[in-house]
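Computed from a prediction, not measured in an experiment: that's the story for all the values here.
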Amino acid sequence: MAIERYNPKQAEIRWQRMWEEARIFETDNDSPAPKYYVLEMFPYPSGRIHMGHVRNYAMGDVVARYKRARGFNVLHPMGWDAFGMPAENAAIQNKVHPRDWTYANIDAMRKQLKSMGLSLDWSREFATCDVDYYKQQQALFLDFLAAGLIYRRNSKVNWDPVDMTVLANEQVIDGRGWRSGALVEQRELTQWFFRISDFAEDLLASLDELDQWPEKVRLMQKNWIGKSEGLSLRWEIADPAAAGGATDIEVYTTRPDTLYGASFLAIAADHPLAKELAAKDPAVAEFCDQCRRAGTSLAALETAEKIGFKTAINVVHPLDPEWTVPVYIANFVLMDYGTGAIFGCPSGDQRDLDFARKYNLPVTPVVMPADADAASFVITDTAYVGDGVMINSRDLDGMTPDAAFSAIAARLEAKTLGNAPQAARKTNFRLRDWGLSRQRYWGAPIPVIHCDDCGVVPVPAKDLPVQLPDDITLEKPGNPLDHHPTWKHVDCPACGKAARRETDTMDTFVDSSWYFARFTAPRHDTPTDPAVASAWLPVDQYIGGIEHAILHLLYSRFFTRAMRQTGHVDLKEPFRGLFTQGMVVHETYRTGGEGKPEWVAPAEVVIEEAEGVRRARHARTGEALTIGSIEKMSKSKKNVVDPDDIIDSYGADTARFFMLSDSPPDRDVIWTEAGVEGAHRFVQRVWRLLGEAAPVLSQVEAATGTAGQALTVSRAAHKTVKAIGEDIEKLAFNKAVARLYELVNTLAAPLSDVAAGKADAELKAACKQAANMVVLLIAPMMPHLAEETWKLLGNDGMVATTPWPDYDASLVTDDQVTMPVQINGKKRGELTIDRNADQAAVEQAVLALDFVRNATGGNPPRKFIVVPQRIVNVVV
RNA sequence: GCGGACGUGGCGAAACUGGUAGACGCAAGGGACUUAAAAUCCCUCGGCCGCAAGGCUGUACGGGUUCGAUUCCCGUCGUCCGCACCA
C-alpha cells in the first residue's frame, strides 16, 4: 500500500501549537513529583540561532522530555544573556538603540527556537537586560556589598586612549586596542571587585564532590585556582642605607628546601622597593619602564629573555649570618603573585638557572636524583626539579626535599627577625579577585552614589532599580553614562547634598552567574524566592560549551556561595551535573587562488564524486573549488549552515536527530549534507513503515509476543527500551540513535507482513506494542513525528504526556547464550548453551566440540577458563 | 615549558568492569523494481591468501603483564585542548 511522504512542515507547526495551547511544558512549582532541572546555557541574542544552538538545545530537550516521561516535574526554561558589547557596536554601526537591537534579535531567535519544537517553559522567559532582572541583580549587589563580599580598590586596567575605554585582556591584540588600533596604556582606576579569592580554598576542595562534571573541567578549574603551599620568608637587608631605610625583603617560595642553593634575590619592577630605588636613580627607572612595556604584550612574554638590574642591596642568608646574596630587579618576577619577590636557586629552577648563567651567579646543586653520585653531580644547562636527596646543604644533607622543607620551615618559624618570626607557612592561590566594573553603557548599573562628604553610599533598596537612561550618545568616545547630561547627578541618600552616581556598569558575567536561580521564581519581587530556589536547585543537568569551563562556571559557583551567605539560596554548588558538548564543524570551500582565498558558503557548493575523489564546484559559476579543512562553523570561513534552511527543507525532527546521531555528544560533529539526508530517510522510513501497518495496528490491542516471530519482535523492542533508557541517562545520544536504527531494521519485515495482511493475531499484537514503543522512544529526539505516528496508530492523548514504556525484564535476557570458544586465546568456534549452565556443563560441552577434540588430541587441556555467559578459553 | 585528553575500515563511530574488534550510520560497488528517474528493497564492503570451506593478519609504533589487551603498564611518534616567567 502506498502512503504519502511525511510532510514535517505542516505537522510540526500543528503540534507546536497543540503543546502550547495545552501548556504542558509550563512547570508547576507545587507539583508533588520529584524535581528535575535541566538547563542549557542561555544564548546571547546575536540575531540568529546557529547549529551550535541546535545541537545544545536538542540535547537538553531529549533529557527534558525523557525525564518528563519518567514522571519527574521538569524545569526547562529559556532566557537571554542580553547585555554586552555587540549591542553597542551594532548601535554605532547601524544607528539603532542597543535596547531595540537586542529585543528585536530576541524576537527573531525566539521564533527560531520555537520552530525547533523544544519543550521549554516560555512563561519563565526573561532577558538579563530586562529592567526587572537587573533590578534584582542590583539588590544582590547591595546585599553582597553589605556582607563584605564586594570591595573597591585601585587596579591596573588596559586603557584605550582613543576610544577612552577600558579593554578586557582579550581585546588587547599585540599591545593595541582591538578596534581603535591605539597603543594600550596601563592605567590605575578605582574598580569594584568580588572577593572570590576568599572562597578559593572551598571552590577548590568542593571540586571533588562534583562527580558528575567532566574530569577535564574540574582539572581546568583546579589549575585556574592554582593552590600552592610554601613559605613566606623575610631576608634581612645587610645595608639598609642602600635600600632607603627598608630592613628586610619578604619573598614567597614553595621550595624552602633549596635555601642553601640560593644565589640571588629578585624583585618585580613594580615592587615598592624597586619604585623607591627608581625615584632616586634614573637608570633603575629606565629599567623598570622597560620591564613594564614588555609586560603589556603577551606575545613578547613568551620569548622574552630574562633580564635583571643589579641593585646595590645585599641581603643576609637566613641560615648563615656570614653569607650575603645580591638583590636584582628582574623582568620575570610578577608583582601580583606571592610577595613580588623571590629568592633564586639556579640549580632547582630553570628560570633562575637561565638568569644565573647570564649574570654569572653561583650554581650550587642542592637536590640530586636518589641514585646519583654527590661528588660528580653537576648542573649544566638544565635545572633539576625532581625529587631525590639533599646535597651541599650542610646538616640537611641526605634528607628528602620534603623533610628538608619541614626542617627549614620549622627552624625559620622559630627564629625572629625584628619583632616577628622570620618565616611563616603560607598557602597561595593564583585566583585573583574578580573585577566587575565596566565603563560601558549596555550593562547593569552599579547601584552606588559617590558623595564628597559621605564617600561611597549604596543606593537605598527602595530606590532600585537604577535604570539605564534611554537618551544616550554612543558615537562620542568614552562611557555614555558618564557624559550623559543629567543621569549621574543625584542627591546623596545619606546627607542630601549633590552627589554623583557610579557610572560603571557590571561585567556581563555577573548577569549569567545567577540566572539559573532566577528561573525558579522569575517574577518574584526579590532576587529569589529562597524556599523555591532551594527546592529546585541545584540544576540537575547543565549543558553547554567547553569555552565556559572556567570563568562562567567558577563565577556561578562563587555567586551561589555568596547568595547563600546573604540568604538567597541554601546551597553551595549550583550545577550537579555538567555536560560540555562539542562544536558543529563543517568543511570549508574556497576559490583556487593561493594568495587570498575567497571562501564560499556550502549552500553555493556542489560536491561531485568520481573514482573515489570528491570535487567541489561553485553551483552558479561552475568554478572548481578547493575543499579545505573541517573547521568550526564561522562567518569568516563562510562554512555555516543556517538552521532555518534545514528546518525549512527537512523539518526540525530531522535537524535534531542528525545533531544527536553519529558523533558522541562531547566531541565535535561534522555537518554533512549526506548525513542530514540519512537522518531524513530515517524519518520517512519510520513514517512509511508505521503508516502502512497503521490501518491494521490501529484496530489491535498491544500485547507481548510469546512465541515465534511475535516473540522475536517483542524481545527486540523490550531490549531497545532498556538500552535507550540507559543511553539517555548517560547522555549517549549517538548510541541511542544507533539502537533505534537497529530496532526499526528488525521491525521492517514484520511490519510489512502486518501491512500486507500476512500476520496472525499474536504478531499483530506484538507489532502494535513494538510500534508504540518505537514512537515513545523516538519522542525525545523527534517529538513531532512521534505525535503524528502515535495518532496514526490509533492511540489516545499526546506522546508529550505519555509515560516512558516499561520493559519486561524476562524478555531482555535470552535463555540461550552463544559463547565464543577460544583455543590458546584465539577464537576457533562457538558454543550455544543454556544461559544458566554451570561450569562443569560448559566444560563438558566444549570438550565435545570437534575442533576442540582435534586441538587437544583427546588429552585433558592444560587450563580451562570459563567466563560465565561471555567466553571460553581452552589452553592446550 | 607545565598539565590533560586522544590516536580503531574510505569517513563519523561502537565494543559493559581485560573476554567474538568494527554494532549503527555515511560513502562506494553490484543487483531487483521502473520506459526512465526518484523513492524503495536485496547483496558486498579492514588487509592478505584461497574456487570454496577456511586460514593468516589487523585497533599509531616498539616492548611488557595476562589463558586472553582497542582496554592495564613502560617507552616512542603524532593530533588536539587548557594554563603559562605563578617562585
Side-chain angles (χ1 to χ4, degrees), chain A residues 2 5 214-217 219-224 226-228 230-231 251-255 258 266 268 294-295 298 301-306 330-334 336-345 348-352 354-355 385 428-431 546-547 549-550 609 611-612 614 630 658 661-664 666-670 672-679 681-682 684-685 688 723 726 732 734-745 748-749 752 818-830 861-876:
Chain A
R5 278 173 74 79
E215 190 56 46
K216 181 189 169 79
V217 174
L219 192 71
M220 281 163 70
Q221 293 220 345
K222 186 178 170 222
N223 292 339
W224 188 262
K227 180 178 180 173
S228 68
L231 200 66
V251 306
Y252 177 73
T253 178
T254 56
R255 294 295 302 276
T258 65
L298 282 167
L301 272 182
E302 288 182 35
T303 49
E305 195 185 350
K306 290 173 188 30
N331 66 339
F332 67 94
V333 180
L334 308 173
D336 60 357
Y337 185 79
T339 61
I342 61 155
F343 82 78
C345 171
D349 184 288
Q350 192 60 43
R351 288 159 304 166
D352 296 349
D354 295 345
F355 193 79
V385 296
N428 241 316
F429 293 95
R430 210 189 74 102
L431 180 65
I546 186 79
E547 67 273 19
I550 297 175
E609 183 152 351
E611 289 143 31
R614 293 177 73 243
I630 296 171
F658 177 58
S661 58
D662 263 347
S663 287
D666 52 347
R667 246 182 261 180
D668 290 351
V669 64
I670 305 173
T672 62
E673 191 69 12
V676 186
E677 277 170 8
R681 268 201 296 277
F682 183 71
Q684 294 294 349
R685 184 166 150 88
R688 184 165 23 82
E726 291 166 356
N734 57 322
K735 288 196 248 172
V737 167
R739 291 188 212 283
L740 273 178
Y741 273 111
E742 215 167 0
L743 177 61
V744 170
N745 285 346
S752 298
T818 299
M819 291 192 289
V821 177
Q822 297 182 333
I823 290 171
N824 294 338
K826 287 199 169 161
K827 187 191 164 193
R828 285 297 127 103
E830 287 180 342
R862 285 237 312 271
K863 218 168 185 178
F864 200 94
I865 292 143
V866 178
V867 183
Q869 293 157 32
R870 288 258 131 180
I871 201 166
V872 179
N873 192 8
V874 185
V875 185
V876 298

Each nucleotide N or O in nucleotides 31-33 of chain B that has a protein N or O under 3.5 Å away: list the pair and distance.
none

Just the atom pairs and distances: protein N or O near nucleotides 66-68 of chain B's N or O, under 3.5 Å.
{"from": "rC67(B)", "atom 1": "OP1", "to": "Lys863(A)", "atom 2": "NZ", "distance (Å)": "3.0"}
{"from": "rC67(B)", "atom 1": "O2'", "to": "Asn873(A)", "atom 2": "ND2", "distance (Å)": "3.2"}
{"from": "rC67(B)", "atom 1": "O2", "to": "Asn873(A)", "atom 2": "ND2", "distance (Å)": "2.4"}

Sub-3.5 Å pairs of nitrogen or oxygen atoms, protein against nucleotides 4-12 of chain B:
{"from": "rG12(B)", "atom 1": "O2'", "to": "Ser663(A)", "atom 2": "OG", "distance (Å)": "2.9"}
{"from": "rG12(B)", "atom 1": "N2", "to": "Asp662(A)", "atom 2": "OD1", "distance (Å)": "3.1"}
{"from": "rG12(B)", "atom 1": "N3", "to": "Asp662(A)", "atom 2": "OD1", "distance (Å)": "3.2"}

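Looking at heavy-atom distances under 4.0 Å, Asn745(A) makes contact with sugar-phosphate atoms alone, never a base.
Not counting sequence neighbours, the partners of Glu830(A) by the salt bridge (charged side-chain N to carboxylate O under 4.0 Å, His left out) test are Lys827(A). Residues that satisfy the side-chain hydrogen bond (donor to acceptor under 3.5 Å, both in side chains) test with Glu547(A), not counting sequence neighbours, are absent from this structure.
Spacing between rA13(B) and rG68(B) at atom P, rounded to whole Å, works out to 32 Å. For the P atom pair drawn from rC26(B) and rC41(B), the interatomic distance equals 11 Å after rounding to whole Å. Of the C1' atoms belonging to rC77(B) and rC86(B), the separation is 31 Å, rounded to the nearest Å.
Residues Lys735(A) and Gly675(A) both approach RNA chain B. Their nearest nucleotides, taken by heavy-atom distance, put Lys735(A) toward the 5′ side. Closest-nucleotide positions on RNA chain B for Trp224(A) and Tyr741(A) were compared, and the one nearer the 5' end corresponds to Tyr741(A).
A donor and an acceptor atom, one from each side chain of Arg685(A) and Asn745(A), are located under 3.5 Å apart.
Counting only Watson-Crick and G-U wobble pairs whose two distances sit under 3.5 Å, RNA chain B takes part in these stems of three or more pairs: B:1-7 with B:77-83, B:10-12 with B:24-26, B:28-32 with B:40-44, B:46-49 with B:54-57, B:60-64 with B:72-76.
Asn734(A) places its CG atom 8 Å from the C1' atom of rA13(B), with the value rounded to the nearest Å.
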